[in-house]
Colleague: 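I'd like to ask you about the structure that follows.
Side chains included, hydrogens not; waters and symmetry mates left out as well; all remaining heavy atoms used. Start at 1 and go down the list; that is how both ligands and their atoms are numbered.
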Amino acid sequence: MTTSSAPGKIILFGEHAVVYGRPALAVPVTQVHADVEVLDSASTGILIHALGINLHTELNTLPSDHPIASVIHNLFFLSRISSFPNLEINITSTIPVASGLGSGAAVTVALTRALSAHINFPMTDDEINSFTYEIEKLHHGTPSGIDNTVVTYAKPVYFVKQPPSPAGGGARGEGEINTFKVGKPFTIVIGDTGISAPTKESVGDVRKLWEANKPKWESVFNKVAEISITARRAIETGKWELLGELMNENQALLQEMTVSSPELDQLVSAARNAGALGAKLSGGGRGGNMIALVKPDEAEAVARSLVEAGAKNTIITQVS
Ligand code: PMV
């Protein structure tokens, strides 16, 4: 049996602007994870069990563009395996789906790692990252690559989207990933609106705004870039008051981009009123999760206030 696990993630700063080449900061969230087991099987075929989505089926019954099937088919193609082995694949995940915590990327990374190891086709982290980016592109349109990067390396990432290569593609993961040091650990409370919001739509709407008035939105994205750069230094030097203010500034710009929502705004206000140093949405927006920077001893109180304000779930995580 071969097993693998990949964490969830949150974007701390720079979502959306990252699609336009501005830097963003993201960190893994190890409290939630996707886990995959691959076993040799006595029966013919590849039997897939994905409990969370109630999927119990043989690979051949899935459409080839199904997220799980596309990982397996593409990996077998890449490995040039001569005949399909008989396998049982068990996939479980505690990462909420379509909520900005990177569940799709985590399932792809864990499945690719476990399956490639099981069929004796070892892949480096850079290869896993590039492969996961290609899979993300199949399902999410024009992802920046931040999700697959932070989930693959499971480290804080200062991410700048690579321009497409002249040969096309714009593969991820060539060379060093740009990680950053966390000066002193800090505590984040994550609040889930419980509303699933496709990132593709909010990304598409921001694109329409940008196309209608490029000078305006380039200047907004530049402000986000400054926030991400300053935030990186604040994290490296442990300046939490400043980091909180930067979160609030980033949230105001995300509201201007129209990607916040009444539910997200309500949770953000509740966190600030309960003593958070700063709060903002995280990820594609419109629903999904928000994050709040808190003093460690206030984390529980902020989490309680989030639930009172309508959060369906909260996670307290330490970034180190
Ligand atoms: O919703 P998530 O966590 O997948 O994050 C999307 C982040 C965006 O910047 C909005 C899009 C992207 O591909 O980077």
Side-chain angles (χ1 to χ4, degrees), residues 6-29 32-34 67 93 95-109 129-130 132-152 156-164 170-173 177-178 188 190-210 217 220-221 223-225 227-228 231 250-251 253-261 263-264 280-291 315 317:
K9 70 102 209 350
I10 45 171
I11 297 181
L12 294 177
F13 291 95
E15 50 276 271
H16 288 287
V18 70
V19 174
Y20 300 83
R22 282 18 176 232
L25 303 181
V27 293
V29 177
V32 286
H33 37 88
S93 174
I95 309 173
V97 177
S99 66
L101 290 182
S103 94
V107 168
T108 302
V109 167
N129 191 28
S130 294
T132 305
Y133 181 59
E134 294 306 317
I135 298 290
E136 292 271 290
K137 281 203 287 191
L138 295 179
H139 306 299
H140 301 302
T142 53
S144 62
I146 191 166
D147 278 25
N148 48 279
T149 304
V150 68
V151 166
T152 300
V157 167
Y158 177 85
F159 183 84
V160 183
K161 183 181 165 182
Q162 294 173 2
R172 294 278 114 215
I177 67 137
N178 209 342
I188 294 280
I190 305 171
D192 189 351
T193 61
I195 298 167
S196 92
T199 296
K200 210 173 175 174
E201 274 174 29
S202 61
V203 168
D205 289 348
V206 173
R207 183 159 297 272
K208 282 185 206 143
L209 292 174
W210 176 74
W217 292 104
V220 169
F221 298 150
K223 286 186 199 156
V224 177
I227 290 174
S228 291
N250 196 165
Q251 172 65 8
L253 295 171
L254 288 161
Q255 283 173 322
E256 207 176 325
M257 292 177 215
T258 75
V259 297
S260 197
S261 70
E263 295 82 3
L264 282 164
K280 64 182 275 294
L281 68 86
S282 175
R286 300 268 168 85
N289 283 280
M290 51 70 68
I291 55 173
I315 298 171
T317 187

Colleague: Could you label the plane-to-plane angle of the Trp210 and Tyr20 rings as parallel, tilted or perpendicular, counting under 30° as parallel and over 60° as perpendicular?
Modeller: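 Because their plane-to-plane angle lies in the 30° to 60° range, the rings of Trp210 and Tyr20 count as tilted.
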Colleague: Give me the nearest non-hydrogen protein atom to atom 6 (C) of ligand 1 as residue plus atom name, then the distance to 0.1 Å.
Modeller: Thr199 CG2, 3.5 Å
Colleague: Looking at Ile146, which atoms of ligand 1 are within less than 4.0 Å of one of its heavy atoms?
Modeller: 14 (O)
Colleague: Answer with yes or no whether the side chains of Thr108 and Glu136 bring together a donor and an acceptor at under 3.5 Å.
Modeller: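 No - no donor-acceptor pair under 3.5 Å links their side chains.
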Colleague: Could you tell me whether Ser144 and ligand 1 have an N or O pair separated by under 3.5 Å?
Modeller: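 Between Ser144 and ligand 1, an N or O pair is found under 3.5 Å apart.
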Colleague: So, does Asp205 use its side chain to make a donor-acceptor pair with the main chain of Val259 at under 3.5 Å?
Modeller: no
Colleague: Below 4.0 angstrom from a heavy atom of His16, which ligand 1 atoms are there? Numbered from 1 as shown, please.
Modeller: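 Those atoms are 8 (C), 9 (O), 10 (C).
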Colleague: Lys9: heavy atom below 4.0 Å from ligand 1, yes or no?
Modeller: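 Distance cut 4.0 Å: Lys9 passes for ligand 1.
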Colleague: So which atom in Val150 and which in Pro28 form the shortest heavy-atom distance, rounded to 0.1 Å?
Modeller: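 Heavy-atom minimum between the residues: CG2-N, 3.7 Å.
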Colleague: Looking just at side-chain N and O atoms, do Ser282 and Asn289 make a donor-acceptor pair shorter than 3.5 Å?
Modeller: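 No donor-acceptor contact under 3.5 Å links the two side chains.
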Colleague: Taking Lys161 for its side chain and Val19 for its backbone only, find out whether a donor-acceptor pair lies under 3.5 Å.
Modeller: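 Judged by distance alone, yes, a pair lies under 3.5 Å.
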Colleague: Below 4.0 angstrom from a heavy atom of Glu15, which ligand 1 atoms are there? Numbered from 1 as shown, please.
Modeller: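 In order of numbering, the contacting atoms are 9 (O).
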Colleague: Closer than 4.0 Å to some heavy atom of Gly284 - which atoms of ligand 1 meet that?
Modeller: 1 (O), 2 (P), 5 (O), 6 (C), 10 (C)
Colleague: Please determine if Gly100 has a nitrogen or oxygen closer than 3.5 Å to a nitrogen or oxygen of ligand 1.
Modeller: yes
Colleague: Could you tell me whether the side chain of Lys280 and the main chain of Leu12 form a donor-acceptor pair under 3.5 Å?
Modeller: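 Here the side-chain-to-backbone pair exists.
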Colleague: Counting from 1, what ligand 1 atoms have a heavy atom of Ile11 closer than 4.0 Å?
Modeller: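 This gives 5 (O), 7 (C) as the contact atoms.
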Colleague: Taking only heavy atoms of Pro143 into account, list the atoms of ligand 1 that are under 4.0 Å away from them.
Modeller: 13 (O)
Colleague: Does the side chain of Arg286 come under 3.5 Å of the side chain of Thr199 through a donor N or O and an acceptor N or O?
Modeller: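 Thr199 and Arg286 do not have a side-chain donor-acceptor pair below 3.5 Å.
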Colleague: Should you measure from each heavy atom of Val18, which atoms of ligand 1 turn up under 4.0 Å away?
Modeller: 9 (O), 14 (O)
Colleague: For atom 4 (O) of ligand 1, grab the closest protein heavy atom and report residue, atom and distance to one decimal in Å.
Modeller: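 It is Asp147 OD2, 3.1 Å.
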